[in-house]
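Just so you know, these numbers use all the heavy atoms, side chains as well, and skip hydrogens, waters and symmetry mates. In what follows, chains are A, B, ... by sequence order, proteins preceding strands, each numbered from 1. On a predicted model such as this, the values are computed, not experimentally measured, just so you know.
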Amino acid sequence: MINILLFAQMQEEVGKEKIAVEMEKTTVKELKEYLQMHYKLTQLNESMVAVNEAYALENDEVKTGDTVAIIPPVSGG
Amino acid sequence: MINILLFAQMQEEVGKEKIAVEMEKTTVKELKEYLQMHYKLTQLNESMVAVNEAYALENDEVKTGDTVAIIPPVSGG
Amino acid sequence: MTDKLFEIVEEPILLEDMIKKVKRREAGAITTFIGTVREFTKGKRTVFLQYQAYKPMAEKMLAQIGKEIEEKWQDTCVAITHRVGRLEITEAAVVIAVSSPHRKAAYEANEYAIERIKQIVPIWKKEKWEDGDEWIGDQLERIEYPTGQPNIKE
Amino acid sequence: MTDKLFEIVEEPILLEDMIKKVKRREAGAITTFIGTVREFTKGKRTVFLQYQAYKPMAEKMLAQIGKEIEEKWQDTCVAITHRVGRLEITEAAVVIAVSSPHRKAAYEANEYAIERIKQIVPIWKKEKWEDGDEWIGDQLERIEYPTGQPNIKE
């Protein structure tokens, strides 16, 4: 199982802070495609992905037990 | 009478914060020459002069009642 | 406050505490930056702001910025605290404190920190206006990612 | 402290007070610069510093710097306090606070203020070392007056 964390607007769109996805092993890219199909996430394309609290690239591997965060454009400061 | 204010090293050299000079009317330049003759002021040449709390130029007039400050290179901050 | 140099908090940030974190006998200059909640942005009145952070990662990213700074400007010491939750007008959202033997580095490193915060730290703000609200992203803030992604490694 | 934006004081400077002086609903950024007493300068150990000011003129010159800043950077608000008397290592000799709607101006104006203080404000420091003391002038601080005089009018 892979835990997906949502923030800001996408958290409100889905109505949850966290989604659990039943997958053993995938990539960042495939995971984004999966989310795109199953949820209405307006900012997914412009979002970064962090795996276990570190920014990840499209082809990075994601496996069961990982925590994946969808990071829309940040606006801190 | 013209009041001369001294600061920092020159104040210590003269041993006073203030000198009264009996003059009716002069210029910054002449006043500096007068001080040069009567007091041992090591930093006079590299000092600015302020008349009544505003920086003055060599040819500016100084008259009785004015307060003249000898401003050696500043080191605030 | 705690002794942590890089921190996400929910309470008001105390400036004197931030100074204490970076004060050192070898410092001749301390700069601070306080990002405050402004009432008007592009003519529109903000009622309050709501900040949200991915806290553990945000603290890691703040620490990374601190590390980048210490590599770029020798002998600097950095502390950054970002507040989350509801913030009223004039309240501090972020405070950056930098100490350094000389002032030039203290200014430069401080400005570098806020630029990097706006690029890589997972924190988001929601503007509450009189007629609605919206989560703010780079489209509105005009932060541009030339590669389509934040510059993760500086 | 008082409400004065430009002030020479003998007591410790409180940072929170300085912030209060420039805090405004239209500000999104406040920068502060704190000039602290550093223990070592060019390898020599300072025991303490003694600052002296030509107080009325120094306050006027600080106010002039504030005026210059408000002309150069629109919508900024500046407060500067310089302390005189004996100052120990790590104590603040000067605090500059600048608020502005946007951060760039707050950084630039703040740095401008400290550069100008070192040029035109009649304040002097005497360094007390373990083996003596000396009033510091531009020779040691390497502030150069290209015309042989400070640039009175910027």
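Proximity to chain D (any heavy atom under 4.5 Å) is shown, for C:Glu16, by both the backbone and the side chain. With a 4.5 angstrom heavy-atom cutoff, D:Ile89 touches chain C only via side-chain atoms.
The greatest number of non-hydrogen atom pairs below 4.5 Å with chain D, out of C:Thr31, C:Ile19, C:Ile96, C:Asn110, is found for C:Asn110. Taking chain C as the reference chain and counting heavy-atom pairs below 4.5 Å, the highest number among D:Arg25, D:Arg24, D:Glu39 is found for D:Arg25. Between chain D and the options C:Val37, C:Thr46, C:Leu15, C:Val98, the largest number of non-hydrogen pairs under 4.5 Å is found for C:Leu15. Options C:Ile114, C:Thr90, C:Ile30, C:Val94 differ in how many heavy-atom pairs under 4.5 Å they form with chain D, and the most are formed by C:Ile30.
Tested against C:Arg83 for a side chain to side chain donor-acceptor pair (under 3.5 Å), the candidates C:Glu11, C:Glu91, C:Glu10, C:Glu7 yield a single pass: C:Glu91.
The pair D:Glu59-D:Lys4 meets the salt-bridge criterion, with a side-chain N (NZ, NE, NH1 or NH2) lying under 4.0 Å from an Asp/Glu carboxylate O.
D:Thr32 and C:Thr32 share a donor-acceptor pair across their side chains, judged by distance under 3.5 Å alone. Between C:Glu115 and C:Gln119, the side chains place no donor N or O within less than 3.5 Å of an acceptor N or O (distance only, hydrogens not considered). Side-chain contact check for C:Arg38 and C:Thr41: at least one donor-acceptor pair (N or O, by modelled atom type) lies under 3.5 Å.
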